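Predicted model only: the values in this text are computed from it and were never measured. Note: hydrogens, waters and symmetry copies are ignored here, and every other heavy atom, side chains too, is used. Naming convention: chains lettered A, B, ... in sequence-line order (proteins, then strands); numbering from 1 in each chain.
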Protein chains: 2
Amino acid sequence: MEHAGPTPRVAAALARLRELGERVTPARRAVLEVVDAADRADEHLTAEQIGARVTRLEPSTHRATLYRALTSLGSAGVLSHIHVGGNATVYHLVGRGGPPLADGPGTAASAPVDRPVHGHVHVRCLSCGRVQDAPADVLAAAADRLRSALGFELDSGQVALPGRCARCRVGRSGSSEATASPGS
Amino acid sequence: MEHAGPTPRVAAALARLRELGERVTPARRAVLEVVDAADRADEHLTAEQIGARVTRLEPSTHRATLYRALTSLGSAGVLSHIHVGGNATVYHLVGRGGPPLADGPGTAASAPVDRPVHGHVHVRCLSCGRVQDAPADVLAAAADRLRSALGFELDSGQVALPGRCARCRVGRSGSSEATASPGS
DNA sequence: CTGCCTGCAAAGGATTTGCACTCAT
DNA sequence: ATGAGTGCAAATCCTTTGCAGGCAG
């Protein structure tokens, strides 16, 4: 029951492809739909996971095609990827405004966001492997500290911070197909 | 002129291996010495880099042996590794008390270390690929924020935050052998 | 039509494993 | 001596690349 029209985000991505002269093929469309669906579930998938789902939508899609699609969609600017610890890369559509976040309760005084860090941050659950978005400013204080202490200019946005997600902290190990790489 | 005795850290690591019934072989000793030397230079090396230097110390050492050594030294608890963005893993000896850090100049008020985060953090330069240690508390504020906003329990320690190191920000692209993976 | 994108297959780099042998203990 | 650790080579895993043909535009 999901063969209705493409979601607005997928439609936008397809439109953009067109503008750039890139072609809209079933493989690319499938990749976008799979990634969009995952995004909607607050998850980000690895090439392998995307491949599995794409194959389900478009059985004829070959591995190589998947990688090439991920690459072209990436340079087309409709898809973005981040490297998560443990040798895996996850993808997500670009253009997510800001993650759903209200300022935390009384978490001490958060550093004054003098110069907001660009891009958004990602966090990855060590239990289920799920990767979610986090507010871009969570690293503002860290950025200041690193700059003053080490002279290091933080450029977050390509890695995911490890930890335990709310879902997994509750009880069940959640996840139904995550590639979770718990151990080392 | 560097064939004096092993540094205390290497000696300690070797001693620990013994305690655990693990054997001390030239390959393992070489790996420890190479990693220790790098640590002393505030750098962390990849398996490939370690391999290159180990081969220089112990020419007979085979690739497979290197990986097995890294693995056993890891489970022996004398070596630790972290995944840096871009599919690379760097190693360092365990047991470093706290990174050499003085409070920076006048870069606004550094976050008061209310509840120190365990383990230490790593930062990786996108220009030269160098990985350095950073004070463990740089992520304290981020941890609080993630907990209150997403219910996510941060567990830093396995990934390196990307950015530009002081050395590279100065001028020259520094580095003489780093595996730096600049681009995406 | 024209050429971008796809499928297939084989290449490539990084890490791992089976096996017999050597050396640390 | 005795088996953990090693060297070598082949096997795996994941991703990329060369080609010829098919479909989008």
Side-chain angles (χ1 to χ4, degrees), chain A residues 6 13-32 45-52 54-55 57-76 78-79 81-91 129 179 181 183-184, chain B residues 6 11 13-32 45-52 54-55 57-76 78-79 81-91 129 179-181 183-184:
Chain A
L14 293 176
R16 180 147 187 192
L17 278 183
R18 283 244 130 104
E19 290 175 40
L20 299 176
E22 290 288 307
R23 291 184 183 176
V24 174
T25 66
R28 293 178 172 186
R29 177 193 299 275
V31 168
L32 290 174
L45 311 176
T46 62
E48 185 180 24
Q49 298 177 311
I50 296 174
V54 164
T55 295
L57 255 60
E58 286 295 330
S60 67
T61 308
H62 191 279
R63 284 185 181 66
T65 300
L66 167 66
Y67 287 108
R68 280 187 283 223
L70 291 175
T71 300
S72 43
L73 292 177
S75 25
V78 300
L79 210 58
H81 65 284
I82 63 172
H83 302 287
V84 305
N87 28 268
T89 300
V90 295
Y91 300 76
T179 308
S181 28
S184 183
Chain B
L14 294 175
R16 180 148 187 192
L17 278 182
R18 284 242 126 109
E19 289 175 38
L20 299 176
E22 289 288 305
R23 293 184 182 176
V24 174
T25 65
R28 293 178 173 187
R29 177 193 300 273
V31 168
L32 291 174
L45 311 176
T46 62
E48 185 179 25
Q49 298 176 310
I50 296 174
V54 164
T55 295
L57 255 61
E58 286 295 329
S60 67
T61 307
H62 191 279
R63 284 186 182 67
T65 299
L66 166 67
Y67 287 109
R68 281 188 283 223
L70 290 175
T71 300
S72 43
L73 292 176
S75 26
V78 301
L79 209 58
H81 65 285
I82 62 173
H83 302 286
V84 306
N87 29 269
T89 301
V90 296
Y91 300 76
T179 308
S181 29
S184 181

Task: Whole angstrom value for the distance that separates C1' of D:dT17 from CZ of A:Arg63 - done: 16 Å
Open item on the list: Contact between B:Leu14 and B:Arg18 at the side-chain level, heavy atoms closer than 4.5 Å - yes or no?
Closed with: no
Open item on the list: Rounding to an integer number of Å, can you tell me how far A:Arg29 CZ sits from C:dC4 P?
Closed with: 21 Å
TODO: Taking only the side-chain nitrogens and oxygens of A:Thr65, find out if one of them lies under 4.0 Å from OP1 or OP2 of C:dG7.
DONE: yes
Task: Spacing of A:Tyr67 atom OH relative to C:dA10 atom P, expressed in whole Å - done: 19 Å
Task: Phosphate contact (C:dT6 OP1 or OP2) by A:Thr25 side-chain N/O below 4.0 Å - done: yes
Open item on the list: Suppose we call a contact any N or O donor and acceptor under 3.5 Å apart; does that hold for the side chain of A:Arg23 and the base of C:dC4?
Closed with: yes
- [ ] Considering non-hydrogen atoms only, spot the tightest contact between B:His62 and B:Ala64 and give its length.
- [x] ND1-N, 3.0 Å
Task: Minimum-distance pair of heavy atoms, taken over all atoms of B:Arg28 and B:Arg23 - done: NH1-O, 2.9 Å
Task: For B:Tyr91, the option from B:Leu73, B:Leu70, B:Val31, B:Thr46 that meets side-chain contact (heavy atoms from CB on, under 4.5 Å) - done: B:Leu70
Task: Residue A:Val24, side-chain atoms from C-beta onward, closest of C:dA24, D:dG25, D:dG7 - done: D:dG25
TODO: Report the nucleotide, chosen from D:dG7, C:dC4, C:dA14, that has the shortest atom-to-atom distance to any side-chain atom of B:Glu48.
DONE: C:dA14
Task: Distance in angstrom units between A:Leu14 CG and D:dG25 P, rounded - done: 10 Å
TODO: Would you kindly give the CG-to-C1' distance between B:Leu17 and C:dT25, to the nearest whole Å?
DONE: 14 Å
Open item on the list: What is the distance, to the nearest angstrom, from the CG atom on B:Leu20 to the P atom on D:dG5?
Closed with: 11 Å
Task: Minimal non-hydrogen separation, A:Ala13 against A:Leu32, with atom names - done: CB-CD1, 3.8 Å
TODO: Report the nucleotide, chosen from D:dG7, D:dG5, D:dG25, that has the shortest atom-to-atom distance to any side-chain atom of B:Glu22.
DONE: D:dG5
Task: Residue B:His62, side-chain heavy atoms: nucleotide from C:dT6, D:dC23, D:dG7 that is nearest - done: D:dG7
TODO: Look at the side chain of B:Ala64 and decide which nucleotide, out of C:dA9, D:dA24, C:dT16, has an atom nearest to it.
DONE: C:dT16
Open item on the list: Is there, by distance only and without an angle test, a donor paired with an acceptor across the side chain of B:Arg68 and the base of D:dG7 below 3.5 Å?
Closed with: yes
TODO: Find the distance B:Glu58:CD to C:dC23:P and express it as a whole number of Å.
DONE: 13 Å
TODO: Using a cut-off of strictly less than 4.0 Å, decide whether A:Arg28 has a side-chain nitrogen or oxygen near OP1 or OP2 of C:dC5.
DONE: yes
TODO: Round to the nearest Å and state the distance from B:Arg18 atom CZ to C:dT25 atom C1'.
DONE: 7 Å
Task: Selected nucleotide, minimal atom distance to A:Ser60 side chain, candidates D:dA24, C:dG7, D:dT15 - done: C:dG7
Task: Touch class at under 4.0 angstrom, heavy-atom based, for B:Thr61 against every strand present - done: sugar-phosphate
